[in-house]
Amino acid sequence: MAGKIICVGLGPGDPELMTVRADRLIRNAEHIAYFRKAGRAGQARRIVEGMLASDVVEHAMEYPVTTELPFDSDEYRNTLSTFYDDWTDRLIALAQTQDIVVLCEGDPFFYGSFMHLHVRLQGRATVEVIPGVPGMTGCWNATGIPITWGDDVLTVLTGTMPEAELTRRMRDADALVVMKTGRNLPKVRRALAAAGRSEDAWLVERGSMPGQRVLRLVDAEDGDCPYFATVLAHGKGRRPGREDSP
């Protein structure tokens, strides 16, 4: 009997913020696959530490390149394309006889690496995706301030965007989240300053994970910003007064 490939969203990083369904699938899995940088344990694998069955078979999908090449170069794109093609074939082969659970931080369909496999798996294998709490949710909750009020529009940007485009979209935003910050922090900071949003901005590093750090961006240095870092600015929209409250 053929199995299926099940991608499980792990949420923002704290194992207790997984869904009940994700927890059950991970604990009962016979085969687990996860992305990681070569030589590292992998963030997804760290989240599920202590949850796996003793006889689970692990499949570490090690990226051939991360930041060594410009992300917009042909070499980078071709190298990663080959990597995703190879692992698509390997997962399909495994799923011929059993289910395999693929781990993905946050929500798989929200900037998740699994999307690159998902598009290649269409029509070739049975695929199921389990939603997860997006990582940015854990970050704005870490500030203790609601991210949106009333009619605020939430804008989600990536730190990899061109600086001028970041600035333009930041000016138009009510509430703002910038993902993929990391080494892009100086550019994000400049764009926020140009958009007049610096004083509102927060930096959340490793939201809901061990080593979480939350501080106003004006108090942060441009030093070693971790990959799992998010910049955000809260909306200030319509807020009912006490007389309008239920």
Test log, rule side chain to side chain contact (heavy atoms under 4.5 Å, CB included), inputs Thr126 and Ile5
CA-CA 6 Å; Thr126 301; Ile5 298 166; over 6 Å; no
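- Shown here are the side chain to side chain contact (heavy atoms under 4.5 Å, CB included) partners of Glu199, two or more places apart in sequence or in another chain: Val218.
- Under a hydrophobic-cluster definition in which Ile, Leu, Val, Met, Phe, Trp and Tyr are linked whenever side-chain heavy atoms come within less than 4.5 Å, directly or via other members, Ile130 and Leu17 are assigned to different clusters.
- Looking at heavy atoms from C-beta onward, Val102 lies out of side-chain contact with Val8 at the 4.5 angstrom threshold.
- Look at Lys37 and Glu62 and you find no salt bridge, because none of the NZ, NE, NH1 or NH2 atoms lies under 4.0 Å from a carboxylate O.
- Between Leu166 and Ala191, the shortest heavy-atom distance links the atoms CB-CB, 3.8 Å.
- Ion pairing between a basic and an acidic side chain is recognised when a charged N comes within 4.0 Å of a carboxylate O; Arg21 and Glu128 show such pairing.
- Counting heavy atoms from C-beta on, the side chains of Lys180 and Tyr111 come closer than 4.5 Å.
- Comment: Asp14 does not engage Arg206 in a salt bridge, judged by the lack of any side-chain N to carboxylate O separation of less than 4.0 angstrom.
- Side chain of Asp86 to main chain of Thr82: no donor-acceptor pair is present (N/O by atom type, distance under 3.5 Å, no hydrogens or angles).
- Taking CZ of Arg171 as the start and CG of Leu192 as the end, the distance is 11.0 Å to the nearest 0.5 Å.
- When Arg190, Lys187, Arg189 are each tested for a salt bridge (charged side-chain N to carboxylate O under 4.0 Å, His left out) with Glu163, only one passes: Arg190.
- Shown here is Gln122, whose CD atom has more than 12 heavy atoms of other residues, nucleotides or ligands within 6.0 Å.
- Ile100 is not listed as a side-chain neighbour of Val57, based on a closest heavy-atom distance of 4.5 Å or more.
- One finds a salt bridge joining Lys236 and Asp200 here, because a Lys/Arg side-chain nitrogen approaches an Asp/Glu carboxylate oxygen to under 4.0 Å.
- Nearest heavy-atom pair, Ala29 versus Ala53, reported as atom, atom and distance to 0.1 Å: O-CB, 4.3 Å.
- Separating the CG atom in Leu215 from the CD atom in Glu221 is a distance of 10.0 Å, to the nearest 0.5 Å.
- The side-chain heavy atoms of Val178 and Leu176, taken from C-beta on, include a pair separated by under 4.5 Å.
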Apply the test side chain to side chain contact (heavy atoms under 4.5 Å, CB included) to residues Met136 and Leu232: give CA-CA distance (whole Å), side-chain angles for both, the deciding distance (0.1 Å), then the verdict.
CA-CA 9 Å; Met136 64 179 180; Leu232 53 89; over 6 Å; no
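- Closest heavy-atom contact between Leu80 and Pro64: CD2-CD, 4.0 Å.
- Nearest heavy atom pair, residue Cys104 against residue Gly112, reads SG-CA, 3.9 Å.
- Within the model, atoms CG of Leu157 and CZ of Arg168 stand 9.5 Å from one another, a figure rounded to the nearest 0.5 Å.
- Rounding to the nearest 0.5 angstrom, the gap separating the SG atom in Cys225 from the CZ atom in Arg183 is 11.0 Å.
- Although no hydrogens or angles enter the test, the distance criterion places no donor-acceptor pair under 3.5 Å between the side chain of Arg124 and the main chain of Asp89.
- Remark: aromatic rings of Phe109 and His118 are close, center separation under 6.0 Å.
- Without hydrogens or angle criteria, Thr181 side chain to Ala229 main chain gives a donor-acceptor distance under 3.5 Å.
- Closest approach of Gly132 to Pro108, counting heavy atoms only: N-CD, 4.1 Å.
- Of the candidates Val214, Val231, Val204, Cys139 forms a side chain to side chain contact (heavy atoms under 4.5 Å, CB included) with just one, namely Val204.
- In this structure Phe35 satisfies the ring-ring contact (aromatic ring centres under 6.0 Å, His included) test together with Tyr63, sequence neighbours excluded.
- Hydrophobic clustering (side-chain heavy atoms under 4.5 Å, transitive across Ile, Leu, Val, Met, Phe, Trp, Tyr) keeps Phe114 apart from Leu25.
- Residues Leu121 and Val129 share a single hydrophobic cluster, defined by chaining ILVMFWY side chains whose heavy atoms lie under 4.5 Å apart.
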Run the side chain to side chain contact (heavy atoms under 4.5 Å, CB included) check on Trp140 and Leu154 step by step: do they pass?
CA-CA 12 Å; Trp140 67 55; Leu154 173 64; 4.0 Å; yes
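- Contact of the Leu217 side chain with the Trp202 side chain is not registered, since no non-hydrogen atoms from C-beta on lie closer than 4.5 Å.
- Using a 4.0 Å cut-off between charged side-chain N and carboxylate O, Asp74 and Arg77 make a salt bridge.
- Atom CD in Glu165 sits 10.0 Å away from atom OG1 in Thr158 (nearest 0.5 Å).
- If you take CH2 on Trp87 and CG on Leu91, they are separated by 6.5 Å, rounding to the nearest 0.5 Å.
- By the criterion of side-chain heavy atoms lying less than 4.5 angstrom apart, applied directly or through intervening Ile, Leu, Val, Met, Phe, Trp or Tyr residues, Met179 is not grouped with Met115; the two fall into different hydrophobic clusters.
- A donor-acceptor pair under 3.5 Å is absent between the side-chain atoms of Asp107 and the main chain of Pro134, judged by distance alone.
- Counting only heavy atoms from C-beta outward, the side chains of Thr155 and Met170 never approach each other to under 4.5 Å.
- Smallest separation of non-hydrogen atoms from Met51 and Asp23: CE-OD2, 3.4 Å.
- Enclosure of atom CZ in Arg40 is not indicated, since only 12 or fewer non-hydrogen atoms of other residues, nucleotides or ligands lie within 6.0 angstrom.
- In this structure, the side chains of Leu203 and Arg216 stay at 4.5 Å or more apart for every pair of heavy atoms.
- Residues passing the side chain to side chain contact (heavy atoms under 4.5 Å, CB included) test with Ser81 are Asp85, Arg120, sequence neighbours excluded.
- Under the 4.5 Å side-chain heavy-atom criterion for Ile, Leu, Val, Met, Phe, Trp and Tyr, Phe110 and Leu103 are members of distinct hydrophobic clusters.
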Side chain to side chain contact (heavy atoms under 4.5 Å, CB included) assessment of Arg24 paired with Thr19:
CA-CA 9 Å; Arg24 174 175 56 79; Thr19 65; over 6 Å; no
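- Within the 4.5 Å cutoff, the side chain of His234 has no heavy atoms near those of the Trp149 side chain.
- Exactly one residue among Glu58, Arg46, Gln43 makes a side chain to side chain donor-acceptor pair (under 3.5 Å) with Tyr34. That residue is Glu58.
- Using a 30° and 60° split on the angle between ring planes, His31 and His59 fall in the parallel class, below 30°.
- Judged purely by atom type and a 3.5 angstrom limit, Gln212 uses its side chain to pair as donor or acceptor with the backbone of Ser208.
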